[in-house]
Amino acid sequence: MNETSPVQSTAPVGPVLRALRPRAPCLLLVALTLTLAGCAQIPRSDVGAPTVASSATATGVFAPPNDPADSAWHPVNIRFKTPTEYSLREIDGRRCIRAVANAAWSFWVADVPAAMAKASRLSWSWNVPALIADADNLVPGKDDAPARVVVAFKGDRTKLDAADRSTMSLAKALGGVELPFAAIQYIWEGKAAPETIVPNGNTSRIQKLVVKSGTNGLATWQSFTRDVRADFRRAFPGEEPGDIESVGLMTDTDGLGGKAEACYSDIELR
């Protein structure tokens with residue numbers, strides 16, 4: 001295995017969305033911002049379009065490189081959270097983005113170019129050495145996950161109910177960034193069966209979809225292909241998916257503490 005030094009998340013507070021904690025009201029919004037992570041844009045130091053954006057138009061494929069330092073990716077984290085570390089690694093001859101969370105939370109996000117905003121087919125691979133003890137995405141406060149791939153969608157916010165609009169307005173006022181209209185998180189869950197849709201307990205605009213469950217397959221490469229638009233229709237009944245705005249990666253252990261890691265590779269949107 002070859003490993004470079006970690007790429008630290010240094011961006012300011014941004015719209016990243018994680019499971020909400022009903023314990024402290026003042027933290028609910030921040031946690032909400034975390035639950036939808038990777039779905040919104042935050043300030044970055046680099047200027048210009050991602051290096052893969054121009055080729056996406058010609059090839060019909062958006063494939064951010066397997067390198068977290070590439071300009072196609074940017075961090076999304078929150079001020080009082082320890083950020084997950086993302087670094088370049090090689091496992092079984094495959095370059096990948098390694099995420100290590102030690103009582104930590106942050107997203108690594110790739111903004112989807114306009115030419116690919118109506119794509120439907122998402123593929124990726126991940127390698128997870130171990131699950132998180134006691135994690136359970138059906139239980140608030142225990143909803144950590146060793147691996148998440150997050151797809152954020154645009155939409156008409158005026159069609160949302162008053163509660164969701166109020167939450168988004170408050171998040172924008174406090175965080176300074178517009179939250180995504182909707183997001184799907186594809187997760188590896190220890191207990192819930194594959195294809196289970198797990199709603200967020202505090203907002204209807206975040207839905208988690210279990211694509212892998214249990215310990216079978218740990219420490220080996222697991223590959224997935226999803227029709228994200230079909231999954232959107234399942235997760236948000238009666239709605240049609242809008243444009244895709246970003247794809248994000250997240251490994252988090254801020255709820256239960258402890259350490260978790262995963263490697264992500266070959267993310268492609270077609």
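- Here the shortest heavy-atom pairing between Leu122 and Tyr186 reads CD2-CE1, 4.2 Å.
- Checked against a 6.0 Å centroid threshold, the rings of Phe153 and Phe232 count as neighbours.
- In this structure, OG1 on Thr82 lies 9.5 Å from CG on Asp254, to the nearest 0.5 angstrom.
- With Arg89 as the partner, the side-chain contact (heavy atoms from CB on, under 4.5 Å) test is satisfied by one option alone out of Cys96, Ser265, Pro68: Cys96.
- Scanning all heavy atoms of the two residues, the minimum distance from Trp73 to Val247 falls at CZ3-O, 4.1 Å.
- Ring to ring, Trp108 and Tyr264 are not that close: their centroids are 6.0 angstrom or more apart.
- Under the side-chain contact (heavy atoms from CB on, under 4.5 Å) criterion, Arg233 pairs with Arg229, Glu240, Pro241, sequence neighbours left out.
- In this view, Arg95 satisfies the side-chain hydrogen bond (donor to acceptor under 3.5 Å, both in side chains) rule with no residue, not counting sequence neighbours.
- Taken to the nearest 0.5 Å, the CD1 atom of Ile197 stands 5.0 Å off from the CG atom of Leu209.
- Judged as a side-chain hydrogen bond (donor to acceptor under 3.5 Å, both in side chains), and not counting sequence neighbours, the contacts of Glu195 are Arg226, Arg234.
- Grouping the Ile, Leu, Val, Met, Phe, Trp and Tyr side chains by contacts below 4.5 angstrom, directly or via other members, places Leu218 with Val149.
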Residues 128-139, side-chain donor-acceptor partners within the protein, below 3.5 Å, at least two apart:
| from | atom 1 | to | atom 2 | distance (Å) |
| --- | --- | --- | --- | --- |
| Asp136 | OD1 | Leu138 | N | 3.0 |
| Asn137 | OD1 | Lys208 | NZ | 3.3 |
| Asn137 | ND2 | Asp144 | O | 3.3 |
| Asn137 | ND2 | Glu189 | OE1 | 2.9 |

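- A distance-only check finds a donor-acceptor pair linking the side chain of Ser213 to the backbone of Ala192 [under 3.5 Å].
- For the pair Arg98 (side chain) and Cys263 (backbone), a donor-acceptor distance under 3.5 Å is absent.
- Between Ser120 atom OG and Leu269 atom CG the span is 8.0 Å, to the nearest 0.5 Å.
- The main-chain N or O of Ala72 is found under 3.5 Å from a side-chain atom of Asp70 such that the two form a donor-acceptor pair.
- Distance check, rounded to the nearest 0.5 Å: CD1 of Ile267 to CH2 of Trp126 gives 10.5 Å.
- Taken to the nearest 0.5 Å, the CG atom of Asn200 stands 11.5 Å off from the CZ atom of Arg205.
- Applying the side-chain contact (heavy atoms from CB on, under 4.5 Å) criterion to Ser125, with sequence neighbours excluded, gives Arg94, Trp221, Ser223.
- When all heavy atoms of Gln222 and Gly217 are compared, the pair lying nearest together is NE2-O, 3.3 Å.
- Rounding to the nearest 0.5 Å places OG1 of Thr251 at 11.5 Å from CH2 of Trp188.
- Under 3.5 Å, the side chains of Asp164 and Ser204 contain a donor-acceptor pair of N or O atoms.
- Counting heavy atoms of neighbouring residues, nucleotides and ligands inside a 6.0 Å radius, atom NZ of Lys259 does not exceed 12 of them.
- In terms of heavy-atom proximity, Asp231 sits nearest to Ile184 at C-CD1, 3.8 Å.
- A donor-acceptor contact shorter than 3.5 Å links the side chain of Thr253 to the backbone of Ala104.
- In this structure the side chain of Asp111 reaches within 4.5 angstrom of the side chain of His74, judged on heavy atoms.
- Applying the side-chain hydrogen bond (donor to acceptor under 3.5 Å, both in side chains) rule to Asp156 yields the partners Thr158; only residues at least two apart in sequence or on another chain are considered.
- The closest side-chain heavy-atom distance from Arg121 to Asp227 is below 4.5 Å.
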